[in-house]
Amino acid sequence: MSIPDPAFPANVAYLKPPAPFPVTVDADDVLHDILAGRKLTALFQPIIQMASGDIIGYEGLIRGPSDSPLHAPMNLFKVARACGLTLEVEHLCRQVVLERFAELNLPGKLFLNVSPECLLLRNARHGETLEYIAQIGINPERVIIELTENQPTYDYELMREAVLHYRNMGFQIAIDDLGEGFSSLRLWSELRPEYVKIDMHFIQGINNDPVKLQFVRSIQEIAEKSGTLVIAEGIEAQTELLVLRDLGVAFGQGYHLGRPNAMPARALPAEVVQALGRHGVAVYPQRSSLEKNGASIRKLLHRVSSISPAKNNNEVYEIFMKEPKLMIIPVVDNGVPLGLISRFDMIDHFARPYQRELYGKKSCSVFMDAKPLIADHETSLQELSYTMAQSDAHHLYNGFIITEHGRYMGMGTGHDLMREITQMQINAARYANPLTQLPGNVPINEHIDRLLHSGSRFWVCYCDLDHFKPFNDVYGYRKGDDVIQLTGEILSGHCDPNRDFIGHIGGDDFMILFQSEDWETRCQAILDDFAAAILAFYSVDDCERGGYISEDRQGKKVFYSLISLSLGVIKVSAHQYYTHHQIATQAAEAKRQAKKIHGNSLFLDRRQAVANCADCA
């Protein structure tokens, strides 16, 4: 099957949709005037290689006359569609971009936007693009057809044939705005393009958004397995650039690297080149400890047979006697839960004189708890845990009824709920401390491993509070928590959030992974601020004495100094350590040395530095 050749529209990137442009007779005239006078201007925006900082090509963009209502590409193509001149406008766009690209003798590849429906147009002259490119001296292997979707459905089989046709002519394929359009993931799967461009929504602010980070990380993993190269669009800040580089994204595009220009730069700004060439790793954003909407209580569901309120107490008693492990029986009427009957309550009632004779043949609803704890199956574990904590104690051992749209599904036990909540808290604390919301042990170790893998030089600062336990015992855990939160805030306040990673190991132990060369100045500022701030937690007399007298566990009067902060630091050079376990051991030793110094202290373990110098010699 022969696939006709399209005209390539050079659409705009990073342009907010303009206000709707009314299609009028005047607009029709303006469009015809643009076509007749070839009044279009080509702009080019650089696309860079992350690893080297080199410009590997340019995206070709188009603008109408600056004094025209059709200056913006979206208005231009809207009017073209309304006038039935889409093919003519796209044909002119293609010529203008290609001619200007050749005239400027720009290096690298040219990315040309084309909508999938235009790729399949049957009324364009076969081979026209290839002939025109040959005339102006551009090798088709330098041209990337960038598919920009704006329709919800495609004929995928025809699309595959069209792409194969253009590949056979030497062109490569890119998919634009991955994650933004109707079916870009399906297009990726069907067409297997050489490049995919991730939509700018997922790029901008990625250094502060763990969800965007995970999206891009997933796309990068898919790309690596499918042999596709990723281009991140819309990079507007150095912090975004460095996170993307660390994720392994191959190419980047955006205002931070270069704006669309009629005379585009052939090299990156010096500050961008310097940032890309600098050793070190970006600090990834972290999730909070417990997500507001965690797992639902459906995972706690036990299918427990219910009984009708028509059952009498004798019958229920017999059920309990036949099933020794059965603790609770739900009472349900036509699917609607009414209450719970407890094994212990039933046996307790029947053990009393004359109770069985009086109530044995009466409805089981007489002895049921008519106000059970009932929750929909989509209720989160945290929400139910809070509700149970506010309710009467018997709900903890009676359990709770789980419903779907108000109808009985089954039962859940308080034991299962507490187990799940406890496990969630343990898992959450590994990733983020619930008190300070700082990253926990797992992210700390992951960041150390990334630093080691990069071969970067960095400093590990183990932070520990001195005399914290007696303070906690005397002043209470509430004030102790306040001191820990204060410590986390002071440490965070003196770290560069884009270069220095701070984590909360647990209790009163913290760790900072410094890439900032002025780490020592930052540490001294931390100690100064802590020394001033901790005084607010003591009385004036305690501050003047430098401590307080209290009894130890043997009942002896002991003088305790004010809480101080000890910082133990080790320097990590390339290939000095190989695992986070080795670093943890050395950092803990540096902390122990720091704690031997009275008061707020900073200790740098210079032994490793001396050893390194000896090895270098």
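All values reported here derive from a predicted model rather than from experimental measurement.
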Flag side-chain contact, heavy atom, 4.5 Å: D176 against E233 = yes
Do K109's NZ or CZ and the ring of Y195 fall within the cation-pi criteria of under 6.0 Å and 45°?
-> no
Carefully, step by step, assess L486 and F537 under the rule side chain to side chain contact (heavy atoms under 4.5 Å, CB included).
-> CA-CA 11 Å; L486 168 73; F537 291 85; 3.5 Å; yes
All side-chain hydrogen bond (donor to acceptor under 3.5 Å, both in side chains) counterparts of K479, not counting sequence neighbours | none
Knowing that exactly one of T436, N441, T487 qualifies, which makes a side-chain hydrogen bond (donor to acceptor under 3.5 Å, both in side chains) with H504?
-> T436
Test side-chain hydrogen bond (donor to acceptor under 3.5 Å, both in side chains) applied to E240 - qualifying residues, sequence neighbours left out | none
Under a 4.5 Å cut-off applied to non-hydrogen side-chain atoms, are Y58 and R266 in contact?
-> yes
I206 and V216, any side-chain heavy atoms less than 4.5 Å apart = yes
In chain order, what residues pass the salt bridge (Lys or Arg N to Asp or Glu O under 4.0 Å) check against D464, with sequence neighbours excluded?
-> K591, K595
Tightest non-hydrogen contact, residues A587 and I570, listed as N-CD1, 4.0 Å
All heavy atoms of L384 vs all of I297, minimum pair found to be CD2-CG2, 3.6 Å
Close side-chain approach of H447 and M511, heavy atoms under 4.5 Å | no
For E194, check side chain to side chain contact (heavy atoms under 4.5 Å, CB included) against everything at least two apart and list the hits.
-> R167, Q172, I173
Hey, can you tell me if Y548 and Y560 have their rings parallel, tilted or perpendicular (30° and 60° cut-offs)?
-> tilted
Taken in chain and number order and not counting sequence neighbours, the residues that satisfy side-chain hydrogen bond (donor to acceptor under 3.5 Å, both in side chains) with R419 are D416
Using a distance-only test with no angle check, is there a side-chain donor-acceptor pair under 3.5 angstrom linking Q593 and E589?
-> yes
Is a side-chain N or O of S189 found less than 3.5 angstrom from the main chain of R186, in a donor-acceptor match?
-> no
Partners of D246 by salt bridge (Lys or Arg N to Asp or Glu O under 4.0 Å), sequence neighbours excluded?
-> R450
Can you list the residues that meet the salt bridge (Lys or Arg N to Asp or Glu O under 4.0 Å) rule with E517, with sequence neighbours excluded?
-> R457
Donor-acceptor under 3.5 Å (K571 side chain, D605 main chain) = no
Decide yes or no on ring pair (Phe, Tyr, Trp, His ring centres under 6.0 Å) for Y538 and Y475, but give the supporting numbers first.
-> CA-CA 9 Å; Y538 295 93; Y475 285 88; 5.7 Å; yes
All heavy atoms of I175 vs all of P193, minimum pair found to be CD1-CG, 3.7 Å
Heavy-atom pair of closest approach, residues F251 and V249 = O-CG1, 3.4 Å
With side chains defined as the heavy atoms from C-beta onward, is the minimum distance between Q586 and Y577 less than 4.5 Å?
-> yes
Compare every heavy atom of D496 with every heavy atom of S516, then report the nearest pair and how far apart it is.
-> OG-CB, 3.7 Å
By salt bridge (Lys or Arg N to Asp or Glu O under 4.0 Å) - contacts of R298 (at least two apart) | none
Are E224 and Q220 close enough that a side-chain donor and a side-chain acceptor fall under 3.5 Å?
-> yes
Answer yes or no: is there a side-chain heavy-atom contact under 4.5 Å between F510 and N433?
-> no
Aromatic ring pairing F44/F101, orientation class (parallel under 30°, perpendicular over 60°, tilted between) | tilted
Using side chain to side chain contact (heavy atoms under 4.5 Å, CB included) as the criterion, list what pairs up with T239, not counting sequence neighbours.
-> N207, A237, N498
Sequence neighbours excluded, which residues qualify as side chain to side chain contact (heavy atoms under 4.5 Å, CB included) partners of Q485?
-> L435, D482
Within the side chain of S456, is there an N or O that forms a donor-acceptor pair under 3.5 Å with the backbone of G280?
-> yes
Which pair of heavy atoms, one from P285 and one from L213, lies closest together, and at what distance?
-> CD-CD2, 4.1 Å
Is the closest side-chain heavy-atom distance between M388 and I421 below 4.5 Å?
-> no
Please answer whether the main-chain N or O of M50 pairs with a side-chain N or O of R245 as donor and acceptor at a distance below 3.5 Å.
-> no
From D54 atom CG to I47 atom CD1, the distance as rounded to the nearest 0.5 Å | 14.0 Å
Under the 3.5 angstrom rule, does the side chain of D518 hit a backbone N or O of T521 as a donor-acceptor pair?
-> no
Would you confirm whether Q204, through its side chain, and G234, through its main-chain N or O, come within 3.5 Å as a donor-acceptor pair?
-> yes
Compare all side-chain heavy atoms of D466 with those of S561 and state whether any distance is below 4.5 angstrom.
-> no
Taken to the nearest 0.5 Å, the spacing of S296 OG from L381 CG works out to 7.0 Å
Q582 (side chain) donor-acceptor with Y578 (main chain) under 3.5 angstrom | yes
Main-chain N/O of G108 paired with R142 side-chain donor or acceptor, under 3.5 Å | yes
Kindly write out the residues that satisfy side chain to side chain contact (heavy atoms under 4.5 Å, CB included) with S601, not counting sequence neighbours, or none if the list is empty.
-> S566, A594, I597
Using modelled atom types only, decide if a donor and an acceptor are shared between the side chain of Q515 and the backbone of V281 within a distance under 3.5 Å.
-> yes
Please check if atom OH in Y477 has more than 12 non-hydrogen atoms from other residues, nucleotides or ligands closer than 6.0 Å.
-> no
Has the side chain of Q45 got a donor or acceptor atom that lies under 3.5 Å from a matching backbone atom of G258?
-> yes
side-chain hydrogen bond (donor to acceptor under 3.5 Å, both in side chains) partners for R192, two or more places apart = none
